[in-house]
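Okay, so here's the structure we're looking at.
Predicted model only: the values in this text are computed from it and were never measured.
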Amino acid sequence: MNNAGVSLDGELRPPYVDEGILRATLDTNLTGAWRVVEAVVPGMSKPATAGS
């Protein structure tokens with residue numbers, strides 16, 4: 001699992017970050033990781049078969 005993330009707001013403090021930048025950052029760092037987990041976890045629970 002890749003634990004990469006982005007910081008699109010530079011060094012701005014929370015009250016000064018544009019909402020669009022905040023949403024883009026959360027989409028990448030939070031929901032992006034969530035989507036990866038949703039895609040990978042179901043395959044992890046499948047039983048192994050002979051020859052796999």
Side-chain angles (χ1 to χ4, degrees):
M1 173 106 185
N2 186 352
N3 193 24
V6 297
S7 176
L8 302 176
D9 59 2
E11 297 297 320
L12 295 176
R13 297 193 183 270
Y16 305 108
V17 175
D18 178 73
E19 185 177 342
I21 292 173
L22 175 64
R23 288 181 183 275
T25 303
L26 288 173
D27 188 47
T28 300
N29 295 340
L30 178 63
T31 57
W34 186 274
R35 287 188 292 259
V36 169
V37 169
E38 284 183 318
V40 172
V41 168
M44 295 173 69
S45 64
K46 291 181 183 176
T49 59
S52 297

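Of all heavy-atom pairs between Val17 and Leu22, the closest is CG1-N, 4.0 Å.
Residue Glu38 qualifies as enclosed at atom CD: its count of foreign heavy atoms under 6.0 Å is above 12.
Separating the CZ atom in Arg23 from the OG1 atom in Thr31 is a distance of 11.0 Å, to the nearest 0.5 Å.
Counting heavy atoms from C-beta on, the side chains of Met44 and Val37 never come closer than 4.5 Å.
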